[in-house]
Number of protein chains: 2
Amino acid sequence: MDPHLLRTFVAVAEARSFSAAAERLGYTQSAVSQQIAALETDLGLPLLRRRPVEPTEAGTRLLEHAGPLLLRLRAARADVLRTAALPAHRLTLAAAPLALNPVLSARLARGRGEQPRLRVRLRTTDRDQVAAQVAAGEADLGLTDGITAPSDPLRLPDSGPMTRIGVSEEELVVALPPDHPLAGRTGLRLADLVDARWLATPLCPLERLRDLAGDGFRAGLDHQGEDVHTVRNLVAAGHGLTLLPASAGPGVPLVAPRLVHRVELLHPSLPPGPAAHLAAALSPPPS
Amino acid sequence: MDPHLLRTFVAVAEARSFSAAAERLGYTQSAVSQQIAALETDLGLPLLRRRPVEPTEAGTRLLEHAGPLLLRLRAARADVLRTAALPAHRLTLAAAPLALNPVLSARLARGRGEQPRLRVRLRTTDRDQVAAQVAAGEADLGLTDGITAPSDPLRLPDSGPMTRIGVSEEELVVALPPDHPLAGRTGLRLADLVDARWLATPLCPLERLRDLAGDGFRAGLDHQGEDVHTVRNLVAAGHGLTLLPASAGPGVPLVAPRLVHRVELLHPSLPPGPAAHLAAALSPPPS
DNA sequence: GAGGGTCCATCAGTGTTGCTTATATCAGGT
DNA sequence: ACCTGATATAAGCAACACTGATGGACCCTC
């Protein structure tokens, strides 16, 4: 169960081809073949069916483990190396599209103002990438978001130990097309909208809504990207409803159940330095 | 970052000695020395101080990662191998001391009654070992417990993906010595007890209480074991208070905040078979 | 302060591993 | 049946990771 072999196995399974994986990894096809054979011998069972290449039952199980495992390995390495890194003058902040709302933008501005020498690179990525990037050391700080009950933590993919601080909670609104019969309301209940058509988008996953408010929530259009602007255009064109934080645009406030758009700051254990300072600036001021 | 090296590193750090670790692992001292050197070269920084042997800052960080990482590696292997295992006639159930309460004992009895051929081995272990044993395949099913708000999941150490089902929630009582002035009450509020002396025991960690009910909860006696019988004796002798599930003995019901003793069933993804059957038997009957 | 003991680092030697290149084998399409 | 695009196997070689022996640092003792 050498991580080296695991990495190769993942590559083969993804590419559905030994030769393609070999090229991608910079090996010969023969090496890949031997590596897979070694894994299979070690575990004592076949992991891949050949021609076409696809994972067996056991291989599927291993694939589920391999990703997180390799991620944690990278996280461990990044964490160790960070202890030796000099306090840098530049750092990277990874943020999900809806995470950097006006409040946090303002705090970020203030934090940067206090450290004029610090160069900040902001990288907007998909929500589930934020934690992984922070864990792997590709970003120094991360901001993710999601929909939860007030003061409940977000559900994040497991990426190893890291500090999580809730930094913002905001009212949710139901985004509706302007001519929608409910658009004039002053408040809406989620239960009244289970039968409406909803946008299926990572920004507001229907699965999460079903968790929180029961079954229903038929998918209208299935939207894969995490671009807020596009989503709002889709809503306006009547493709379906969605929930957005109030600051992301007009909509009818969601009054029940009590749900909020929560933003969390993620970072590995930080030595004192610019990163820690910026993290403090992004955190809510102690009341 | 070969797991092999990681394992050696952990052994050395634990033994605080290269030679002792070498003996324990079945290597020569020279091999261990080279392995550590390889790790340090790879990461580019010293992980251990020598004479006496103790982890550096970076080494400490790596140690925190190494344990979970190796555990997950074992979990992955166990999970893959399980796909090939024939349905066994014997299985191991790991349970924390307070997890197998009367309700669950009864369900276990019923489950066993339905599968007379099945030999069940019950292993009572420390609470934080249960998840690890299930993940590593040393136990087929696990029962852990803890104190939470009703229907909130437990906080478990990360041991990789596994199924978690809440199987029992029970009222909590404050265990008091019989002659305690509050012993006659019909209900107690946790807030009224922050200034009392509490037993510090893994069965009811004071840290958790502070999380749930604010600061306070001074430690009286610090008890390391997880033996319920002993704890009750300590309480009776006036060493301090503690919370127990109602079924674990007499006490004054805790009325606020709303907290419960929750038991969760842990298992890896189970193929249909005796283990899955027993898991179903332990789960609460669908209402 | 010299000597012995303990412990880790280093070196040389050796068996094993894990790659590359070359070739065999297999499944499917024509 | 043959060709094609694919994976498996064989042989060779370089790098690696052990063992055993030796060297050097520290500690304890006398």
Side-chain angles (χ1 to χ4, degrees), chain A residues 1-60 62-63 66 69-70 73 76-77 80 84, chain B residues 1-60 62-63 66 69-70 73 76-77 80 84:
Chain A
M1 294 270 296
D2 185 339
H4 205 188
L5 303 186
L6 233 45
R7 198 173 71 103
T8 302
F9 172 66
V10 172
V12 172
E14 272 176 5
R16 303 184 153 275
S17 153
F18 283 52
S19 346
E23 183 158 8
R24 194 155 77 72
L25 297 172
Y27 288 121
T28 58
Q29 173 268 320
S30 170
V32 169
S33 184
Q34 290 176 53
Q35 290 186 20
I36 299 297
L39 250 187
E40 292 182 324
T41 310
D42 175 32
L43 292 170
L45 20 90
L47 297 171
L48 293 168
R49 265 184 287 277
R50 274 74 168 188
R51 272 182 261 269
V53 173
E54 58 182 10
T56 62
E57 169 69 18
T60 309
L62 185 58
L63 272 179
L69 213 55
L70 294 173
L73 216 58
R77 167 178 284 269
V80 170
Chain B
M1 295 270 299
D2 185 337
H4 204 188
L5 303 186
L6 234 44
R7 198 173 72 103
T8 302
F9 173 65
V10 172
V12 172
E14 273 175 6
R16 302 185 152 275
S17 152
F18 282 53
S19 346
E23 183 158 6
R24 193 156 77 72
L25 297 171
Y27 288 119
T28 57
Q29 173 267 320
S30 171
V32 169
S33 184
Q34 289 175 56
Q35 290 185 17
I36 299 297
L39 249 188
E40 292 183 324
T41 311
D42 175 31
L43 292 171
L45 19 90
L47 297 170
L48 294 168
R49 264 184 288 276
R50 273 75 166 186
R51 264 182 267 270
V53 173
E54 58 181 10
T56 62
E57 167 71 20
T60 309
L62 185 57
L63 273 178
L69 234 122
L70 294 173
L73 217 56
R77 167 178 285 270
V80 169

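All of these numbers come straight from a predicted model, not from anything done at the bench.
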For atom [atom1] of [X] and atom [atom2] of [N], their distance in whole Å:
{"X": "A/Gln35", "N": "C/dT17", "atom1": "CD", "atom2": "P", "value": "15 Å"}
{"X": "B/His4", "N": "D/dC16", "atom1": "NE2", "atom2": "P", "value": "17 Å"}
{"X": "A/Leu48", "N": "C/dC26", "atom1": "CG", "atom2": "P", "value": "20 Å"}
{"X": "B/Leu5", "N": "D/dC16", "atom1": "CG", "atom2": "C1'", "value": "12 Å"}
{"X": "B/Arg49", "N": "D/dC26", "atom1": "CZ", "atom2": "C1'", "value": "17 Å"}
{"X": "A/Leu47", "N": "D/dT7", "atom1": "CG", "atom2": "C1'", "value": "16 Å"}

If you measure only the distance, is there a donor-acceptor pair under 3.5 Å linking the side chains of A/Ser30 and A/Gln34?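 On atom types as modelled, these side chains qualify, holding a pair under 3.5 Å.
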
First locate atom CD of B/Glu40, then atom CG of B/Leu62, and finally report the distance between them rounded to the nearest 0.5 Å.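 Taking CD in B/Glu40 and CG in B/Leu62, the distance rounds to 10.5 Å.
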
So, taking the atom named CD1 in B/Ile36 and the one named CG in B/Leu5, what distance separates them when rounded to the nearest 0.5 Å?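 B/Ile36 CD1 to B/Leu5 CG: 7.5 Å, rounded to 0.5 Å.
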
Expected string for nucleotides 7-12 of chain C under the B/S/- scheme (protein heavy atoms, under 4.0 Å, primed atoms plus P, OP1, OP2 as sugar-phosphate) is BBBBB-

Between A/Thr28 and C/dT20, does any side-chain N or O lie under 4.0 Å from OP1 or OP2?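 Yes, A/Thr28 has a side-chain N/O under 4.0 Å of OP1/OP2 on C/dT20.
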
Ignoring hydrogens, what is the shortest heavy-atom contact between A/Ala58 and A/Leu45? Give both atom names and the distance.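 In terms of heavy atoms, the two residues are closest at CB-CD1, 3.5 Å.
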
Check whether any side-chain heavy atom of B/Pro3 lies under 4.5 Å from a side-chain heavy atom of B/Leu70, and answer yes or no.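 With C-beta onward as the side chain, the pair touches.
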
Check: A/Thr56 main-chain N/O paired with A/Arg49 side-chain donor or acceptor under 3.5 Å: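 Not a single qualifying donor-acceptor pair exists.
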
